[in-house]
2 protein chains.
Amino acid sequence: MSERDSERSISQTVRAQLALRDMILSGQLRPGERISELQAVEITSVSRTPVRLALVRLEDEGLLQAIPSGGFMVKAFTERDILDSIELRGTLEGLAARFAAERGASARSLEPLKECLADLDQLVRQDPVSVEAFSAYVTMNARFHALLTELSASPPLIRQIDRVSALPFASPSGFVMAQSALPEAHQILLIGQDHHRIVVDAIENREGARAEAIMREHSRLAARNLRLALRNRTHLDLLPALARLQSPAE
Amino acid sequence: MSERDSERSISQTVRAQLALRDMILSGQLRPGERISELQAVEITSVSRTPVRLALVRLEDEGLLQAIPSGGFMVKAFTERDILDSIELRGTLEGLAARFAAERGASARSLEPLKECLADLDQLVRQDPVSVEAFSAYVTMNARFHALLTELSASPPLIRQIDRVSALPFASPSGFVMAQSALPEAHQILLIGQDHHRIVVDAIENREGARAEAIMREHSRLAARNLRLALRNRTHLDLLPALARLQSPAE
DNA sequence: TGAATTCAGGATGTATACATAAATAGCCTT
DNA sequence: AAGGCTATTTATGTATACATCCTGAATTCA
């Protein structure tokens, strides 16, 4: 096999899923394009059974769309779709923050979140921010959002947030890298980090409404980044799937 | 085949999915119970390939849970899980209502919603409400919520709401029938219908915040119904899957 | 010349056989 | 007698062969 040793133990289904996802997100498979099982078999070098399972999983991940007569095609997204997905994530994260506040997250459970906050502070402090720092920020930011989500202590909600965030352009860190090339970069980072600070404070003080509101607003920072990136056409190569968005239906 | 003619044309996968879902919701398959593929094959009389697809679909529908070592088990829900799912649906429907209001749903597109509202009015008017009227209410209420969701004109949001509502105990009409046996039945119905009226009014007047708030509150009526039904142990046979809820983990 | 029909190619849907990994029960050892 | 190891059984993971349906192109008829 040409795969690395670390990938030898995972199932063919997962392998196919990863390979196909990469090809979709990298733009090698274009939106609207039908993707036949045999084609997927050739791409992934596994047989039809695991390929089919991978396709089904990618469908409910939201990257593929079922064709009524059978089979799948690569899903096409409009700019509006992406903005709505971001708003959707913000709403769900807002609910998570409110749950965390209302249900009284213990000081102990808030500890990791605060540590994460401090780490982010370190990264944001430098000006200008290096590319490496941006990359580290993406990782740490994802961790912050994951910790916050778990603080809701609500399995159904966590599940939904994970589902929405699975789409890379709706995920909390989806456009942070795209923003790195913008002149407003550092400013946006500082504002985002202030949101983080506020939500932790609100949860600590049991201010549910405030915690919810700030997370909603926080997601709109991502929406702003997306719009800026699209207008400036900067760093779109970081998310090739967005290179050519579908125009609205009508 | 022993199936009815109307079911002869649908795929084996869907048939298996329906059969298994019924057995889960009717309580014949108990929460926590492992459900092997061969067992599912015996139940559904189809081969392993479509059975496996059905199991995967039921997993991301939320009724099954994947076992790390492979295979699936029937998911167990706590009362808290269900209440959270209801709150989650309310939040999403609130967002849908706000979208509809902010984006200016046309008078033309509001028409079906208003008709539905009038039909519901007719049903609610009688006192006491007959069981048939309750049943009709369930259908019409589901239609109202579906129309409202679509009014958001946001495919990603519609998708998420459909996903959440797929769990019968989180769906808009999940506990309406359970409520029919309660003395407070008619009163609750009237209040719910008033919520419906308000959300339509709010959307029409472009009052986004109001539309959102009332849909959130509206979902808490379902939460109230659930609690009442559980306390009174009334009509739990209508949702046998709830007959014995899992106790919280700790 | 246009449209409809038929035929061919290829796609998905399904069943099953085989490989491999996990779980369990029994036996052996300590 | 208790614990661990091994063997057996049963589960899932995978590949492939077969059946059926859809799709598209070519040909024929009006």
Side-chain angles (χ1 to χ4, degrees), chain A residues 1-21 23-24 28-61 63-75, chain B residues 1-21 23-24 28-61 63-75:
Chain A
M1 301 195 186
S2 62
E3 317 292 340
R4 295 198 307 269
D5 279 350
S6 65
E7 292 181 355
R8 214 176 44 188
S9 62
I10 66 175
S11 72
Q12 302 288 73
T13 301
V14 173
R15 196 182 317 222
Q17 192 176 349
L18 292 175
L20 290 171
R21 176 161 46 203
M23 289 198 66
I24 294 169
Q28 292 176 261
L29 295 168
R30 296 154 142 220
E33 188 176 342
R34 180 172 192 159
I35 172 172
S36 78
E37 291 181 3
L38 280 95
Q39 188 184 348
V41 163
E42 280 197 13
I43 291 172
T44 62
S45 311
V46 305
S47 77
R48 274 187 63 209
T49 306
V51 152
R52 167 174 281 246
L53 283 175
L55 290 174
V56 169
R57 290 233 148 89
L58 287 171
E59 180 202 0
D60 62 66
E61 201 172 296
L63 290 175
L64 294 180
Q65 192 169 18
I67 299 172
S69 62
F72 300 94
M73 55 183 263
V74 180
K75 199 158 177 176
Chain B
M1 300 195 185
S2 62
E3 316 293 340
R4 294 198 307 269
D5 280 349
S6 64
E7 291 183 354
R8 213 176 46 188
S9 62
I10 67 175
S11 72
Q12 301 289 72
T13 300
V14 173
R15 196 182 317 222
Q17 193 176 348
L18 292 175
L20 290 171
R21 177 160 49 204
M23 290 198 65
I24 294 169
Q28 292 177 263
L29 295 168
R30 297 157 144 218
E33 188 177 341
R34 180 172 192 159
I35 172 172
S36 78
E37 291 181 4
L38 282 105
Q39 187 184 348
V41 163
E42 281 197 13
I43 291 172
T44 62
S45 311
V46 305
S47 76
R48 274 187 63 210
T49 306
V51 151
R52 168 175 280 245
L53 284 175
L55 290 173
V56 169
R57 290 233 150 88
L58 287 171
E59 180 202 1
D60 62 68
E61 200 172 298
L63 291 176
L64 294 181
Q65 192 169 18
I67 299 172
S69 63
F72 300 94
M73 55 182 264
V74 180
K75 199 158 175 176

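Within every chain, numbering begins at 1; the chains are lettered A, B, ... in the order of the sequence lines, protein sequences first and strands thereafter. Quantities reported herein were computed from a predicted structural model and do not represent experimental measurements.
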Engineer: Rounded at 0.5 Å granularity, tell me how far CD in Q12(B) sits from OG in S47(B).
Structural biologist: 7.5 Å
Engineer: Salt bridge or not between K75(B) and E61(B)? Use side-chain N to carboxylate O under 4.0 Å.
Structural biologist: no
Engineer: Measure the shortest side-chain to side-chain distance between V46(A) and V41(A) over non-hydrogen atoms and say whether it is less than 4.5 angstrom.
Structural biologist: no
Engineer: Within the structure provided, determine whether Q39(B) and E42(B) are in side-chain contact (heavy-atom separation under 4.5 Å).
Structural biologist: no
Engineer: I need the L53(B) CG to R48(B) CZ distance, nearest 0.5 Å.
Structural biologist: 11.5 Å
Engineer: What verdict does the side chain to side chain contact (heavy atoms under 4.5 Å, CB included) test give for V51(A) and I43(A), after you've listed the backbone C-alpha separation in whole Å, the side-chain angles of each residue and the deciding distance to 0.1 Å?
Structural biologist: CA-CA 10 Å; V51(A) 152; I43(A) 291 172; over 6 Å; no
Engineer: What's the spacing between T44(B) OG1 and E37(B) CD if we round to 0.5 Å?
Structural biologist: 11.0 Å
Engineer: Could you state the interatomic distance from CZ (R57(B)) to CZ (R57(A)), rounded to the nearest 0.5 Å?
Structural biologist: 11.0 Å
Engineer: When rounded to the nearest 0.5 angstrom, what distance separates CG in L20(B) from CD in Q28(B)?
Structural biologist: 11.0 Å
Engineer: Of all nucleotides in DNA chain C that come within under 4.0 Å of a heavy atom of chain B, which is furthest toward the 5' end and which toward the 3' end?
Structural biologist: dT14(C) to dA23(C)
Engineer: Given that I35(A) and V46(B) both sit by DNA chain C, which one's nearest nucleotide is further toward the 5' end?
Structural biologist: I35(A)
Engineer: Passes side chain to side chain contact (heavy atoms under 4.5 Å, CB included), L58(A) versus Q17(A)? Steps please.
Structural biologist: CA-CA 7 Å; L58(A) 287 171; Q17(A) 192 176 349; 4.0 Å; yes
Engineer: Rounded to whole Å, please give me the gap between CD in E37(B) and C1' in dA11(D).
Structural biologist: 8 Å
Engineer: Expected output is a numbered-order residue list: members of residues 47-54 of chain B with a heavy atom under 4.0 Å from any atom of DNA chain C. What is it?
Structural biologist: S47(B), R48(B), T49(B), P50(B)
Engineer: Would you mind building the protein contact string for nucleotides 19-24 of chain D? One character per nucleotide, 5' to 3', B for base within reach (heavy atoms under 4.0 Å), S for sugar-phosphate only, - for untouched.
Structural biologist: ---SS-
